[in-house]
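The figures here come from the full heavy-atom set of this structure, side chains too, leaving out hydrogens, waters and symmetry mates. Just so it is clear, the structure is predicted and the values come from calculations on it, not from any experiment. For ligands, and for the atoms within them, numbers begin at 1 and follow the listed sequence.
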Amino acid sequence: MRMDALRCIGCHREFPEDEILYACPSCGNLLEYVVPISDLDPAALRRSFDSRPLGVWRYKELLPGFKGKSPISMNEGGTPLHRCDRLGKELGLKNLYIKFDGMNPTGSFKDRGMTMGITKARDLKVKAVVCASTGNTSASLAAYAGLAGIKCIVMIPGGAIALGKLSQAMMHGATVFEVDGNFDDALDLVMSSSRELDLYVLNSVNPFRPEGQKTAAYEIVDQLGEAPDSLVIPVGNGGNNAAYWKGFSEFKDLGMAKKAPRIYGIQAEGAAPVAEAFRKGADKIRPVKKPETIATAIKIGNPANWLKTIRAIRGSGGDCITVTDEQIVSAQKMIAKNEGLFVEPAAAASFAGLMKLIESGDIGKSEKIVCVATGHGLKDPDSAIRVSNKPIKIDASIKSLKKNLK
Ligand code: F0G
């Protein structure tokens, strides 16, 4: 029988998979799920994967197990790897791709983690689930909790999340609390409420959520036929880039990919504690007290996964850099105009970062490059309308049309 475990990323103490824990009781570091790679037969795995459609559960042998017949799922994952010939030409790149994870059921990559997290919540028979969120996590958790019939509580920073995301959490039936504070304050409240009120936390500190998210890395290898040279990805609370790194590393260890890519994390200039640590060569982050950026999804000053992130990016040989709000908006428009993809501001941060990395020569023009677009543009119509040309008012006459058509 396969014995799966959770392991502390600090002291490596191990815990059984069905113990509800978010941090190590000995040293306080986060936990991660350990795939028993050496017990697995890669050739048999490959046959199983190839017999299933692209998506999170195609890779179920590399994920924590579940009880009963099936996971709680809405067919998440299997998102397009879009080849960007027009944008590539603009930057002089031959092999540029966008992994559009905004095409998941609730419009963001969070669904990959939530199918896994809610399936665990069901198996653990928890009474209620909770998360703090800059928007997408709450939208996804509300939808999946509804699907599982589990009570859902979400805590959002007051007045600071995109309306599309808020409407999702409300419509899917979550109890929504608007916290007087920022995301970091809301997450602190979530962690204490979980202890005091026995709520199951489905933020990325939950060790199962990143397991669903890592499948995006497996998918990229299967879609490209190999791992890319560089992966460029936005960083907020720091969970997703670490999940990608885990996914790529596991595929490499299994011999399913020859290499793992360098990972470049991109933060918004006003919310960039990880990028600061990289600039200074520090081993720890210094939290930003009042994070600010148009990309509200990554407006986070004290990322809970900072250690996983630093290790993932350093381990991959990559870097973490910042982009300005202007660069984010310009990237968002370029992607929409040239490639037909509408991505939200945080998701556009990756392409904004890529442009800087090409200019600095950190990423070479002949490399195979994947930018991750983490969320759909329809999530945040307000910011899109704010930064776009307004519709031109005309009379219903051809004369008026001609006069105004430039
Ligand atoms: N992109 C989008 C669209 C996001 O919603 C998030 C995080 C990130 C990137 C950053 O990912 O936190 O794993 O580094 N959103 C969280 C939320 C914080 O609450 O929806 P990360």
Checklist line | Options G238, S108, A349, A139, ranked by nearest heavy atom to atom 21 (P) of ligand 1, top entry | finding: G238

Next item on the list: For the pair F49 and F251, name the ring-plane relationship: parallel under 30°, tilted 30 to 60°, perpendicular over 60°.
Entry: parallel

Item checked: Taking atom 8 (C) of ligand 1 as the reference point, the nearest protein heavy atom with its distance -> I298 CG2, 3.6 Å

Item checked: Distance from atom 9 (C) of ligand 1 to nearest protein heavy atom, with residue and atom -> T374 OG1, 3.5 Å

Item checked: Pairing of D222 and R46 as salt bridge, 4.0 angstrom limit -> yes

Notebook entry, point to check: Is it true that T309 lies under 4.0 Å from ligand 1, counting heavy atoms only?
Noted result: no

Check: Pairs in or reaching into residues 85-98: which pass salt bridge (charged side-chain N to carboxylate O under 4.0 Å, His left out), with residues at least two apart or in two chains?
Finding: R83-D85

Item checked: V372 versus P234, closest heavy-atom pair with distance -> O-CD, 3.7 Å

Next item on the list: Could you check atom 20 (O) of ligand 1 against the protein and tell me its nearest heavy-atom contact, residue, atom and distance included?
Entry: T137 N, 2.8 Å

Checklist line | Heavy-atom nearest neighbour in the protein, as seen from atom 18 (C) of ligand 1, with distance rounded to 0.1 Å | finding: T134 OG1, 3.4 Å

Checklist line | Centroid-centroid under 6.0 Å between H172 and Y144 rings | finding: no

Check: To which of S204, A297, G239 does the heavy atom nearest atom 4 (C) of ligand 1 belong?
Finding: A297

Notebook entry, point to check: Nearest to atom 11 (O) of ligand 1, what protein heavy atom do you find, and at what distance?
Noted result: F109 CZ, 3.5 Å

Check: Are side-chain heavy atoms of W306 and P273 found at a separation under 4.5 Å?
Finding: no

Next item on the list: Under 4.0 Å, heavy atoms only, figure out whether ligand 1 is touched by the backbone of I300, its side chain, both or neither.
Entry: side chain

Check: What is the nearest protein non-hydrogen atom to atom 5 (O) of ligand 1, stated with its residue, atom name and distance?
Finding: N136 ND2, 2.8 Å

Notebook entry, point to check: What protein heavy atom is closest to atom 13 (O) of ligand 1, reported as residue, atom name and distance in Å?
Noted result: N240 N, 2.8 Å

Next item on the list: May I ask you to say whether D283 pairs ionically with R314, meaning some side-chain N is under 4.0 Å from a carboxylate O?
Entry: yes

Checklist line | Location of contacts on E344 toward ligand 1, heavy atoms closer than 4.0 Å | finding: side chain

Checklist line | For N237, the ligand 1 atoms whose distance to one of its heavy atoms is below 4.0 Å | finding: 12 (O), 14 (O), 21 (P)

Checklist line | Check: G236 N/O within less than 3.5 Å of ligand 1 N/O | finding: yes

Check: Are R52 and Y59 in a cation-pi contact, defined as NZ or CZ under 6.0 Å from the six-membered ring centre and within 45° of the axis?
Finding: no

Item checked: Which of the ligand 1 atoms, numbered from 1, are nearer than 4.0 Å to a heavy atom of S133 -> 17 (C), 19 (O), 20 (O)

Next item on the list: Kindly confirm or rule out an N or O of N241 lying under 3.5 angstrom from an N or O of ligand 1.
Entry: no

Notebook entry, point to check: Is D50 paired with R58 through a side-chain N to carboxylate O contact shorter than 4.0 Å?
Noted result: yes

Check: Going by the salt bridge (charged side-chain N to carboxylate O under 4.0 Å, His left out) test, which pairs reach into residues 182-208, not counting sequence neighbours?
Finding: K127-D198

Next item on the list: Around atom 15 (N) of ligand 1, find the nearest protein heavy atom and jot down its residue, atom name and distance.
Entry: K110 NZ, 2.9 Å

Check: Any salt bridge between D380 and K165, counting N to O under 4.0 Å?
Finding: no

Item checked: Atoms in ligand 1 with a heavy atom of V235 nearer than 4.0 Å -> 14 (O)

